[in-house]
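Chain A is the first sequence line, chain B the second, and so forth, proteins listed ahead of strands; every chain is numbered from 1.
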Amino acid sequence: MPEQKQSVDELKNQSPQAEKNPCVSILLPLPFKDTYDYLVPASLPLIPGMIVTVEFGQRHLNGVVWSVGKTPDVPVSKLKYISGIVEGFSLSPENLEFLKWVSSYTMSPLGTILKMMMSVPEVFTPLKRPAPQRIFPAPDPSFNPPLLEPQQIEAVAFLKSQFSRGYSVTLLDGVTGSGKTEVYLEALKECFLKKQQILILLPQISLAPQIAQRFERRFGVSPTLWHSSLTKAQRRESWKQIHSGQAQAIIGARSSLFLPYANLGMIVVDEEHDPAYKQEEGVIYQARDLAVARAYLEKISCLLASATPSLETLYNCESEKYQRIQLKSRYGVAEIPAIQIIDLRQLSARKEKKYWISAPLATHLKETIAAGEQALIYLNRRGYAPLTLCGSCGTKLQCPYCSAWLVNHLKHGKFICHHCGHNVSVSKTCQECGAEESWVCCGPGVERIAEELAERFPSFRTTIISSDIIEDADAMAQIAEKIHNHDIDIIIGTQMIAKGHHFPNLTLVGIIDADLGLSGGDLRASEKTYQALHQVAGRAGREEKTGHVYLQTYAPEHPVLMSLLSGDRETFIAQEMESRERGDMPPFTRLASLIFSSRHREAVELTAQTFARNAPRSQDILVLGPSPAPLAVVRGKYRWRMLVQTPRTISIQSVIHQWMKQVKIPTNVKVKIDIDPYSFL
DNA sequence: AGCACGCCGACT
DNA sequence: GTCGGCGTGCTC
């Protein structure tokens, strides 16, 4: 870098009058919506996308050339010269377009999105001593072509035909075991023949090893993985090779959308319906939707794969924005095993000892284990009990920083807040009244189910699979191995277990609380519950062994459970679609959520109310709220929220943009905008 | 985001 | 008397 700086210094001295030297605007990877202007020696040709080093305040930063030859909007006396050019790096026009698109869609500052793209700032500073270069060999299209079935061949042919169209989106709708992965891997071959890059997006990175393995079997090389727990060196190397186009196959979670691809040829969004694609922290976005946008800007194909496509995607298929191809199950067996309902209302009428695992489910469990098979008990709730209170004074244990209960975790011996991570050791005495050993635990979590199993069936070997117990991919692999070796009879799992892993000897799935998730502030509650339960149910049996699924519920007549029972997805979708249309909800309208937060209670409330009073007056635009957010306090910050709804025909972003220009927001109140909100909490 | 500046409380 | 809290404002 010193020599680069020197060269700029020399060049600018050759043309001493600053006015003669052009001005460029530089976008910095900081949360600003505007660029900053710098001078550049006339003889240094800069073009947008180039990476330059500049002095910014006291700091030295790398930024990207945004535009050249403009008239500065501050007095020339304030302008500094750029310090140098970072050779060998540049963001392509497609990457810059994507950056702009994401910024305006999510209403986040350009610089914030740039920071996401320049997620490995170290790549721009040369290493002190050269690291051994990892090799990124090209995938071999003819390494190990699979034998495909007629319907797969047809699907591949369709996908190939899409490549000539430039931008296109196709939904690959196929049940588990119908060979979706083989189909899309085969379609990717076309990209490798053209030396293009491909991106496979996954909702969570724990699914990557399996896909990577299948990829390697097919193309003879391992793909480049991108996720948050890579080491510095790995990130550095992968980022560089993705930027240079050397790395051709990338498998990653949400954040891999923001990598600086050199020539992307196709994007696959696997499990497109998965709610994990929605990023809720920082810049709020739906990775599936951004993938479609990126495909549009790159003029390439996007493939969405799912066994239970989202309503949004189905809506786009119906309105012919997306193509749709379907794969039927290869084995001719039902898509998910027979599902039976256990009506807890009837059972609780009888005054038996209260267990979380009902008598019928317990019986089936015993039979399954006796038959030498394995079972899964599903409860999407971490810890021992979601709520603990003092039996003596009635105090409920609450997080001091959030309006949420503290969850008892036996594993850690702590009460933990699931929203901010705050935790306290489990003590014997109640802080409020001094009573000893007076805790009353309300409701079950996976740990409590494990305890009940140990008590009632001490001979069964059980394991919990939740994020508290399984902390990384290695731990998961170890547990999976134990299950495969039949060292485990019963798995007690949260949603972590719903995806990816298939255990051939697992024939029974018991769902402790099928109603969990059906209530609460989420417009997609029904859809999400349907998808989650469908996915969990799919863990039971497959191929030769028939599976059984038992759903414990207090609401057996709920449409979600009825359609799961009948296996009639079409009817469920139709009903759900109709109810969304009737309620003027997405995908029939657009929705945005505005979240006001501040440490000052009165300031948030006042700001939110002032904001609401200045709402655009149009009969098309509906504003709900403001009201204290369902989780009114998180991490010690007060939160109010507001919902905005507009017709699909207008840009909800511009409505909000205009609106915000009219209202002054005090600096101590932050506004977060969630376009297409999923969770209302 | 970082960093400086600035204005009020408890300490060597 | 100063050290340091974090509120406010600025960076081409």
Plane angle bin for A/Phe89 and A/Trp239 - parallel if under 30°, tilted between 30 and 60°, otherwise perpendicular: tilted
Contacts of type salt bridge (Lys or Arg N to Asp or Glu O under 4.0 Å), residue A/Glu122, not counting sequence neighbours: none
From CA spacing to verdict: side-chain hydrogen bond (donor to acceptor under 3.5 Å, both in side chains), A/Asn62, A/Thr53: CA-CA 4 Å; A/Asn62 293 316; A/Thr53 311; 3.1 Å; yes
Side chain proximity check, A/Pro121 to A/Leu61, heavy atoms < 4.5 angstrom: no
Contact boundaries on DNA chain B for chain A, cut-off under 4.0 Å to non-hydrogen atoms: B/dA1 to B/dG2
Qualifying residues under side chain to side chain donor-acceptor pair (under 3.5 Å), relative to A/Thr313, sequence neighbours excluded: A/Glu272, A/Ser310
Parallel, tilted or perpendicular, as decided by the 30° and 60° cut-offs, for the rings of A/Trp659 and A/Phe611: parallel
NZ/NE/NH1/NH2 to OD/OE distance under 4.0 Å, A/Asp37 and A/Lys70: yes
Sugar-phosphate only, base, or nothing, as touched by A/Tyr38 at under 4.0 Å among non-hydrogen atoms: sugar-phosphate
Given A/Tyr105, A/Tyr277, A/Phe258, A/Tyr678, the one that forms ring pair (Phe, Tyr, Trp, His ring centres under 6.0 Å) with A/Tyr285: A/Phe258
Close residues, residues 106-118 of chain A, relative to DNA chain B [heavy-atom separation under 4.0 Å]: none
Atom pair CZ/CH2 of A/Arg254 and A/Trp226 - distance to nearest 0.5 Å: 15.0 Å
Any residue meeting ring pair (Phe, Tyr, Trp, His ring centres under 6.0 Å) with A/His412, in chain and number order, not counting sequence neighbours: A/His409
5' to 3' contact window, DNA chain C with chain A (heavy-atom distance under 4.0 Å): C/dT8 to C/dC12
